[in-house]
Amino acid sequence: MKKVLEFIGAIALIQGVIGLLHEFTGWLSWGVIRHIGFLDRHEVYGSIALVVLAFALFAAAESVRG
């Protein structure tokens with residue numbers, strides 16, 4: 001379970017950072033945040049939420065025994 005939480009956290013962190021990079025620099029336009037319809041014009045907030053989610057998943061992974 002710990003490895004699964006760490007893996008999902010890593011994916012969320014990567015996607016959040018890619019979303020922020022795309023919004024501020026225009027690089028890396030292949031992030032998942034751009035393709036979520038209800039986040040139109042709110043991609044920065046979605047990317048920040050993914051980064052926060054990633055850190056929460058990492059903290060949850062640390063609390064799991066094993």
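Just so it is clear, the structure is predicted and the values come from calculations on it, not from any experiment.
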Review point. Could you give all pairs that pass the side-chain hydrogen bond (donor to acceptor under 3.5 Å, both in side chains) test and reach residues 24-33, with sequence neighbours left out?
Key: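 Not a single pair qualifies under side-chain hydrogen bond (donor to acceptor under 3.5 Å, both in side chains).
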Exercise for review: Could you name each residue pair satisfying side-chain hydrogen bond (donor to acceptor under 3.5 Å, both in side chains) that touches residues 5-22, not counting sequence neighbours?
Suggested key: H22-R34
Can you give the donor-acceptor pairs under 3.5 Å from side chains of residues 40-61 to other protein atoms, not counting sequence neighbours?
{"unit_1": "E43", "atom_1": "OE1", "unit_2": "R41", "atom_2": "N", "d": "3.3"}
{"unit_1": "S47", "atom_1": "OG", "unit_2": "E43", "atom_2": "O", "d": "3.0"}

Check your understanding: With side chains defined as the heavy atoms from C-beta onward, is the minimum distance between L5 and F7 less than 4.5 Å?
Key ->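 They are not in side-chain contact.
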Check your understanding: In the single-linkage hydrophobic clustering (I, L, V, M, F, W, Y; side-chain heavy atoms under 4.5 Å), do L28 and I14 co-cluster?
Key ->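 Both belong to a single hydrophobic cluster.
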